[in-house]
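Naming convention: chains lettered A, B, ... in sequence-line order (proteins, then strands); numbering from 1 in each chain.
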Amino acid sequence: MDNSDEQLWELFKGSGVDRDSAPHFRGRLERRLLINRCDDCGIWHHPPKPVCPACLSERISATEVSGRGSIFLTVFLHQGPPAEGVDYSAPYPVVTVELDEQPGLRYSGTVVGSPNEEVRIGCRVVLDWIDRAGAPLPVFRLAGGEAAA
Amino acid sequence: MSTARNPMRDRVAIAAAATTGFHPRNTERSQASYVAEACKAVMDQCGLTPRDVDGLCGSMPGAPVVQAMLGIPEVTWFANPMIPLGNHVAAAASAVHSGLCDVVLLYHGAYRMAWNTASALKDPFRRGLGYSDRTPPPESVAGAVGYTAWASRYIHEFGTPREHLGYVAINDRTNAMSNPAAAMRERMTMEDYLAARMIRWPLCLYDMDVAVDGADAFIVTSTERARDLKLPPVLIDAVILGMIDKNEEDQSPSLRRHGQHVTVSALRAKSDFWIDDVDVYFPYDGFSIITLNWFENAGWCEPGEAGAFIEDHWVANEDGSGRILIKGRVPVNPHGGSLSEGGTQGSGHLREAVHQLQGRAGPRQVEGAERALLTMGGFFFNAEGITLRRG
């Protein structure tokens, strides 16, 4: 796939792709969930910033995460922006997942493969990928079990 | 980090406030025309003309557009702060106190935007105002969705029934029935609330502010100057804009750590008074969940107890409407708030606070109101607090 800046901008229309977040979106094209991590202090942050908010180092690497975590926030959308494969009549679940890599490090996405009534705060999830309008989209699947807290 | 330093206390005043009233439909008027109407009205109230104004503060339209429209010959300061209106009050009061200008015309046009409502998008003249087809994908909790996401967290942590959010909506609606400027004035009962269309679970149509056309305007000047104008001045006791580092909607640490907590601790340190001394309270209500959190974070009750607190201070009417009267005395958003007067991004709250403290609130007047607390904005990057007193 063409990884030019122009291509990235078109594929992730509206997602806020810019100079600082481009490595994250390039990772998505390879079905790898890349989150910024500081080379100096090891702290992760999201969304992508040009410096580490913990130590102000400019040595940042977009680093693959496991994609495992626990649901921290949930929303079920009865309406929203039109998007390929999204059915708001269901309604459409959107969750914020606290990733296992670091407390408070979170990533938002939908949940596939489970009825909405099973999608609850505290549920353990794993990462999966689907395609939308020619680009891979990270999604979560319930992994069974609940987080400790 | 909060200090009690507050050299601006009582030195700056809001001399007047005016409104056009608000409409929950696409009117055949521009945003600028509403701003012009409100600005003319507020200058008239004070006996001022455009020549007397040397500062301009508002979000949309921009200050240069408003200056040209109103023929204000010269300004020495202007700003276009982010909403909600606490930002504008902080900017205008600072500009007056520091001497950058003497008389600020502070305006806010609320307008039904094409990016915000599908029906506004049908009006071609609205499409030029900040509308883009590059909308974020559905899997984002940025913007309005963020409040819904944290509402789910709140319900998860405290087991809150929907009725607790419903009280916020019904209080606003009952109050709006006494406000001719309000967009939504039909009685609302708990049955009506619970039957409303779900928009983003757990929030329904009545948990979200009403998109409206209309405007408010204010005169902000030195207390000394305000005393020479026609109306009783309302003094700015303290104003704070509170924010923390993790202020993206999905990275915000918890319900116990966000902008509201910074706002409250700083405002309490700077203000001369707090909740036990106020005669009228204005918690922001762009989303009902914000209001429950403000009750708790301002200290009226403990975390998770806002719904029960409201129940304890609820005045129920026979027709199924009802309103909050704290300790049988302090009304909450008596103008009808964002949910029923209209989504004014706080200009309605500020205007009503000014009118209450001037004794000009008509049928909603709190007898002898001397002090008001406004806790504006949400959790993430727009929590704000203002304490006002009668001059």
Picking from A/Val86, A/Val95, A/Val94, which has the most non-hydrogen pairs under 4.5 angstrom with chain B? A/Val94

Closer than 4.0 angstrom, basic N to acidic O: yes or no for B/Arg153 and B/Glu157? yes

What I want to check is whether the side chains of A/Tyr107 and B/Glu139 have a donor and an acceptor closer together than 3.5 Å. no

Using the ring of each side chain (for Trp, its six-membered ring), is B/His258 parallel, tilted or perpendicular to B/Phe379, with breaks at 30° and 60°? parallel

Please classify the contact of A/Arg120 with chain B as side chain, backbone, both or neither, using a heavy-atom distance under 4.5 Å. neither

Sort A/Val75 into side chain, backbone, both or neither according to what part of it lies under 4.5 angstrom from a heavy atom of chain B. both

In terms of heavy-atom proximity below 4.5 Å to chain B, should A/His46 be classed as side chain, backbone, both, or neither? both

Under a plain distance cut-off of 3.5 Å, with no hydrogens placed, do A/Asp39 and A/Ser61 share a side-chain donor-acceptor pair? yes

Using 4.0 Å as the upper bound for N to carboxylate O, is an ion pair formed by A/Arg106 and B/Asp250? no

Counting only heavy atoms closer than 4.5 Å, note whether B/Gln251 contacts chain A via side chain, backbone, both or neither. both

Under a 4.5 Å heavy-atom cut-off, does chain A meet the side chain of B/Pro137, its backbone, both or neither? both

Verify the distance criterion only: is there a donor paired with an acceptor across the side chains of A/Gln79 and B/Arg197 at less than 3.5 Å? yes

Less than 4.5 Å to any heavy atom of chain B: does that hold for the side chain of A/Tyr88, its backbone, both, or neither? side chain

So which heavy atom on B/Gly337 is nearest to which on B/Asp285, and how close? CA-OD2, 3.1 Å

Quick check for you: among A/Leu137, A/Thr96, A/Ile121, which has the greatest number of heavy-atom pairs under 4.5 Å with chain B? A/Ile121

Which one of A/Pro93, A/Pro81, A/Gly80 has the most heavy-atom pairs closer than 4.5 Å to chain B? A/Pro81

